[in-house]
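To start, the structure under review is shown below, and the notes come after it.
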Amino acid sequence: MKWTQSFIPTLKEDPADAEIISHKLMIRAGLIKPLMAGVYTYLPLAWKSFLKIENIIREEMDRISAQEILMPGLNPIEIWEETGRNEDMGNEMYRLKDRRDRTLCLAPTHEEIITDLARGEIRSYKELPQIWYQIQTKFRDEPRPRSGLLRVKEFAMKDSYTLAATFEQLDESYDLHARAYKRIFTRCGLEYLLVGAASGLMGGSASQEFMVLSPAGEDSVIVCEKCGYADNMEIATSKAVSYESRELESKLVHTPNQRTIEEVSAFLDIPKWQLVKSLLYVIEETGQPVMALVRGDHKLNEAKLNGIIGSVLRQAEPEEAKGFVGADIGFIGPHDVESMRIIADTAIDPEMTFATGANQNDYHITGLKLSQLRSVEYADIRMADEGDICSQCGGTLSMKNSVELGHIFKLGTKYSKAMGATFLDEEGSAHPIIMGSYGIGLGRIMAAAIELYHDDDGIIWPITIAPYDVLVTIINVTDEKLNSTGHQIYQELKSKSIDVLLDDRDDRPGVKFKDADLLGFPIRVTIGPRAMKEDCLEIYRRDTKENIKVKLEDAVEKILEIRESLFRSINEKTAKITEQPKI
RNA sequence: CGGGACGUAGCGCAGUCUGGUAGCGCACUAGCAUGGGGGGCUAGGGGUCGGAGGUUCAAAUCCUCUCGUCCCGACCA
């Protein structure tokens, strides 16, 4: 392709409404153009990169004998009612009416459609296991789209679904996907982390996420540098740092208007960790209150608490709280609350005297011990935090932002049971199909690659997903010798099926170099007067900024060699994954 | 959904407080010169000032409503 025939609208300045690096660079490099908040057009360069990512994914899915299908984006709402997810999805799902006033929706994911397909067609254990996958657009009405391609309302996703007759088959399919995903992200040139995760709306048992560490990421992971432990903060566990506590006198203290931990801690001159935070929740179904206790310096992890209670919880409204304990939020405590279920975090020492709300407005009490209260349950219900102690090895934990690129789930039978997707076993009895679900965000791969690999001048594409492998820059197209040499090198590379772009614009060199760096193609070939004096051209590597001079007659061979070496370093890493023993 | 900010040419912005017929840089068009890091000169084209209503002799500017965009939070594969 010649630049003069291409559509590459680059920008000199950062767009005003972009905050994160990948967003800025993707707009500046002419990769994407916003249509509305969270909806983008992929311009030619981005689409070329997208197709390469898609191709890598297809090849790796083929390797594990997955079969590609294409499912409808437009769904009847009834199928979502079968699993209860019409309600669960809430405003996240786009709903619309057709001309006959029938309610339809735009699929935010496809478990229901897959399960429908399976219940119609799968009859026998002999037909299992199966791996079906799709690469297509999904729609989610994000409350707040942001960060360029990282959080959007319409996005391309690779999603696989596995159908199994036994849990062993499910484990096998899951492991196949874990390995395929490692190969996919490695082939895309990314450094990633595999972490334990919560399953959220998807339901099911085990789940792991493939994360790329980046300050732009919206997820937080807790990692231990020492032993490699890594979990999404949603589920991460830790040992809390413990402190030497002093004995607090048992008494009621007037604390006018002191509601927050900070205020009370300062007012009473008691360290935060010797206060207990009392949080009131209500079980959605029954309206029963539940009190959660965490140390003053800790945060409650609602997902963990949810898991222990086993039903949907919400925070108590201020009026409700007053009704339950007789005090406003800010003065709530665990003593004298008869019949209420109380769950205390394991980091609170039952023998430590602490201060907490007195269940009386403008009063706190001090000198209380958990061991004095009756029927307190202990559980891990706190957020692991930066600085906590690793429960595996005793190292120090840190918290990092990350971008979720892929998520693999063991779904189990949530969908097959709800929708009646069963198979007959050897004895002829029916069982629900055991399912798994495995997603990858394609746009996020592109954005994460840019987050990971860029410098002040622009993008530094991994060669496997770069829109073009090589850029041939003619310094001055009005110089006949330079121009013809440039075209000749370009033609030779093209004839060898190299993905090459020729910068044949009649512009000054500075403009061309700036654009080249911004767009970040891995190899730039410079045809300029300096090297030409010696019948040479230059080959510049975007990643190392290494610039070498090569004789014209050796040039194509040398370009191919560098290109090969860039591919090789990624392929070698990928090969190591396959060599790993079967999980 | 709560809090904050911003909508003026394709992009980045000034002008709004203090009302008086819309400007700068980049980009674009034509020409000249130039040719190794967004360089120079000359001449041009392009804007219902997000939209609607109001106040006023007069509104980008003041008032009301509305739409959109971004950030923080809540929520979220």
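Per chain, numbering begins at 1; letters A, B, ... match sequence-line order.
- At whole-Å resolution of the value, CG in A/L519 and C1' in B/rG38 are 14 Å apart.
- Between the side chain of A/Y174 and the backbone N or O of A/A206 there is no donor-acceptor pair closer than 3.5 Å.
- Of the possible polar contacts, one joining the A/S207 side chain to the A/A197 backbone as a donor-acceptor pair under 3.5 Å is found.
- Side chain A/D457 to base B/rG37: no donor-acceptor pair is found below 3.5 Å.
- With a 3.5 Å ceiling on both atom-pair distances, the Watson-Crick or G-U wobble partner of B/rC32 is B/rG40.
- Side-chain N/O atoms of A/D17 and base N/O atoms of B/rG7 include no donor-acceptor pair closer than 3.5 Å.
- With hydrogens and angles ignored, no donor-acceptor pair closer than 3.5 Å exists between the side chain of A/E13 and the base of B/rG38.
- Under a 3.5 Å cut-off, the side chain of A/E451 and the backbone N or O of A/S22 do form a donor-acceptor pair.
- Nearest-nucleotide assignment on RNA chain B puts the 5′-proximal partner with A/V511, out of A/V511 and A/A18.
- Side-chain proximity of A/D506 to the nucleotides B/rC71, B/rG38, B/rG35 is greatest for B/rG35.
- Across B/rA60 and B/rG4, the matching C1' atoms stand 23 Å from one another, rounded to whole Å.
- Checking B/rG37, B/rG35, B/rU69 against every side-chain atom of A/R524, the shortest atom distance belongs to B/rG37.
- Among the nucleotides B/rC75, B/rC70, B/rG38, the one closest to any side-chain atom of A/K514 is B/rG38.
- Residue side chain A/R146 does not reach the base of B/rC70 through any donor-acceptor N/O pair under 3.5 Å, judged by distance alone.
- Of the possible donor and acceptor atoms, none in the side chain of A/T526 sits under 3.5 Å from a partner among the backbone N and O of A/G528.
- B/rC32 and B/rG7: their C1' atoms are spaced 40 Å apart (whole Å).
- Checking A/M36 against A/I527, the closest nucleotide of RNA chain B that is more toward the 5' end is the one next to A/I527.
- Between the side chain of A/R508 and the base of B/rG39, a donor-acceptor pair under 3.5 Å is found.
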